[in-house]
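Note that this is a predicted model, so its numbers are computed, not measured. Within every chain, numbering begins at 1; the chains are lettered A, B, ... in the order of the sequence lines, protein sequences first and strands thereafter.
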Amino acid sequence: NAGVTQTPKFRVLKTGQSMTLLCAQDMNHEYMYWYRQDPGMGLRLIHYSVGEGTTAKGEVPDGYNVSRLKKQNFLLGLESAAPSQTSVYFCASSRDPPKNIQYFGAGTRLSVL
Amino acid sequence: GESVGLHLPTLSVQEGDNSIINCAYSNSASDYFIWYKQESGKGPQFIIDIRSNMDKRQGQRVTVLLNKTVKHLSLQIAATQPGDSAVYFCAEKRSGNTGKLIFGQGTTLQVKP
């Protein structure tokens, strides 16, 4: 019973490099989310998806792109990494509203040098 | 602006005592409130939720109280244990179909043996 799985767990990038973070859920959830967590800032929503093939911007979308080609996967891309994107990234998934309890992965710790 | 916030950044309690973690919110349109626990190096874990038309909900060793008059939410943990040491976040879900949650900054609970 994996729940929400994020890969990789850790990554170090140089400024300007690109990478993709993968989120996979096995709960057949419609909704998926990407957050970043910085010290003293709580969790901030980057992008989210309300179903396969859909994406929408969250609170801090600049510098990131996402894709939801399959219901179980939600990819977060950084095209040209910047030091300001050093953070811990969390993926979450949920059933349809109204209740919407989000279940989180273990996170990806990203450092951009 | 609208926000979900916590009254204290750190709460220190003796093992066996009861803990009360507080949260203030500003948006009356939210229909669900959720508490999450985040242990060091892990993703947030769902604890308990409460619908906006309820005042109180109990779980195993936890109780959530909602006071809509003063827009205040609290999490009570009975007989606090060392394993309860973590950061606790409250989150509010705005009415509608996006499922988005607005998270507070978090309160660190430290349990002294």
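- Other residues, nucleotides and ligands place more than 12 heavy atoms under 6.0 Å from the CD atom of Gln14(B).
- Environment of CZ in Arg95(A): sparse, with no more than 12 heavy atoms of neighbouring residues, nucleotides or ligands closer than 6.0 Å.
- Counting heavy atoms of neighbouring residues, nucleotides and ligands inside a 6.0 Å radius, atom NZ of Lys68(B) exceeds 12 of them.
- The two residues Tyr36(B) and Gln102(A) make their nearest non-hydrogen contact at OH-O, 2.8 Å.
- Looking at heavy atoms from C-beta onward, Phe103(B) lies out of side-chain contact with Gln37(A) at the 4.5 angstrom threshold.
- For Lys93(B), the part lying near chain A is the side chain, with the backbone staying farther off; criterion is any non-hydrogen pair under 4.5 Å.
- Environment of CZ in Arg109(A): sparse, with no more than 12 heavy atoms of neighbouring residues, nucleotides or ligands closer than 6.0 Å.
- Proximity to chain A is absent for every atom of Gln45(B), based on heavy atoms less than 4.5 angstrom apart.
- Here the closest heavy-atom approach between residue Ile101(A) and residue Ile34(B) is recorded as CA-CD1, 4.4 Å.
- Listed here is the closest heavy atom pair of Phe90(A) and Gly43(B): CE2-CA, 3.3 Å.
- For Glu52(A), the CD atom counts as densely surrounded, since its 6.0 Å shell holds more than 12 non-hydrogen atoms of other residues, nucleotides or ligands.
- Within 6.0 Å of CZ on Arg61(B) lie more than 12 heavy atoms contributed by other residues, nucleotides or ligands.
- Atom-to-atom distance recorded for Phe104(A):CZ and Lys42(B):NZ is 15.5 Å, nearest 0.5 angstrom.
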